[in-house]
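Presented below is the structure to which this report refers.
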Protein chains: 2
Amino acid sequence: MPAEPLSRARIVATAIDLIEREGADAVSMRAIAAELGVGVMSLYNHVPNKEALLDAVAETVLSQIEFTDDPDAEWTDRVRMQALAFRQIAHHYPRCTMVVVSRQLRSTAGLLPVERALATLRGAGFGGDEAVRALRVFIAYIVGSLLREVGVTPTFAPMHRSDVRVSEVDPLLFPQVGELAPALHECDHEAEFAFGLELLIQAMALQLKR
Amino acid sequence: MPAEPLSRARIVATAIDLIEREGADAVSMRAIAAELGVGVMSLYNHVPNKEALLDAVAETVLSQIEFTDDPDAEWTDRVRMQALAFRQIAHHYPRCTMVVVSRQLRSTAGLLPVERALATLRGAGFGGDEAVRALRVFIAYIVGSLLREVGVTPTFAPMHRSDVRVSEVDPLLFPQVGELAPALHECDHEAEFAFGLELLIQAMALQLKR
DNA sequence: TCCAGAGACGTACACCGTACGTACACAACG
DNA sequence: CGTTGTGTACGTACGGTGTACGTCTCTGGA
């Protein structure tokens, strides 16, 4: 009956699917096993423990970043592309993103984007230490942005927040928040991300000229 | 015997203490109750559930940000001060930081820093929407940076990583990572944070002039 | 033919969050 | 004084979790 004989890859794929469908909290070894129509402990023949499984989830998601790197393009364009590629997979696996960023990875899958970014930056003229520093700034911004984008969606529909907040907030204690409530609630994630990214790239370019 | 009669504040304080001592994973209602020398279910007289308790933890940590805002100072200095104040409490409660950023807050405690920042930015001349956008960029960078700083320390001592990685990484596949390994492993968190922050502030100032 | 190894599985344990019922201490009121 | 809430502490119990361990079955080589 089991045409597909159960493997680490199938388990990880099922875990990712489950996370995206039901959220990271709903992931349990039992749920994954049930999804696969398999005994719970059978999973442990392919995965040492749940922690390692989540590491594998993060690694798998990360490895799906699609770089379309043009070596002839301006370095600013290449950096932008890499950042957007990162954001794109986060958008493709929104619930998994939390898992990815909550977990520092020591796999080669996480290293490949780093390698690409460092190569781009050094090719642009940054020194070794400068490139590392610049990369850290970019990663911090990207991770922080993605956390906001996906953290806003723990389950669904934050639309009521607008009404709730506006009515709750005391305009005397929080005049700015009160006045800017509309701007605070609505958020074009893509535009916001691009804005900050452009800001950083410009600042980096300026840093490079000096 | 119970001179102190158990209260929401005592429970939250104990939870924070426990998180800092044993890590966020070690926090359970049973552990907190044991720490307080109290039955598990007694906690539920003061806290509706664990989720709410963690929200309270985040709120409490956040409310301890110390703003020493000088209204006469340059706006760049004020923004810098606010960002550093944020980072400082994260440094003071490193294990709790993960709890704080993993949880979007709808309390007034989380709103106060927002109010301050918006007021500073608008005082500097930013329009409403611009101030909101700028704030989002700053928060993204700060949160991302803090995640890296504290995420690197899930338990202790990442010093062995250096040796492990350098030897593991294939220099042919990852020439940049291999060459820059020393720079990648050692990280003066404070200096790195300040570098990116300065970059952002400069970029914002430039944006303002236009 | 036999045997060793691998993989699937069931059982069991310790721990988790928390719903529910109970016991007691104290204030308000007759 | 007695009675009667009312709020808090507590114990028990249930369903869920990760996983250690022992067992069964199947398969491939000697």
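The sequence lines fix the lettering, A, B, ..., with proteins before strands; numbering per chain opens at 1. As the structure is a computational prediction, the values presented were derived from the model and not from experiment.
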>> Evaluate A:D77 against A:R80 for side-chain contact (heavy atoms from CB on, under 4.5 Å), listing each step before the verdict.
In response: CA-CA 5 Å; A:D77 293 332; A:R80 181 173 22 248; 2.5 Å; yes
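Separating the CZ atom in B:F67 from the CG atom in B:L84 is a distance of 11.5 Å, to the nearest 0.5 Å. Between atom OG1 of residue A:T68 and atom CE of residue A:M81 there is a gap of 6.0 Å, rounded to the nearest 0.5 Å.
We find that OH of B:Y44 is positioned 11 Å from P of C:dC16, with the value rounded to whole Å. Between the CG atom of A:L36 and the P atom of C:dC9 there is a distance of 10 Å, given to the nearest Å. Distance NZ (B:K50) to P (C:dA19): 14 Å, rounded to an integer number of Å. Per the geometry, CZ belonging to A:R30 stands 15 Å off P belonging to C:dC9, to the nearest Å.
Side-chain atoms of B:R78 never come within 3.5 Å of backbone atoms of B:L121 as a donor-acceptor pair (strictly under, hydrogens ignored). Within the 3.5 Å criterion, the main-chain N or O of B:P113 finds no donor-acceptor partner in the side chain of B:Q82. No donor-acceptor pair closer than 3.5 Å links the side chain of B:Q176 to the backbone N or O of A:E115. A donor-acceptor contact shorter than 3.5 Å links the side chain of B:T97 to the backbone of B:A90.
Contacts between chain B and DNA chain D, taken as any atom within less than 4.0 angstrom of a protein heavy atom, begin and end at D:dT8 to D:dA13.
Using cut-offs of 30° and 60° on the angle between ring planes, the pair A:Y141 and A:F193 is parallel.
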Any N/O pairs under 3.5 Å between the protein and nucleotides 3-8 of chain C? List them or say none.
unit_1: C:dA8; atom_1: OP1; unit_2: A:P5; atom_2: O; d: 3.0
unit_1: C:dA8; atom_1: OP2; unit_2: A:H46; atom_2: NE2; d: 2.9
unit_1: C:dA8; atom_1: N7; unit_2: A:N45; atom_2: ND2; d: 3.1

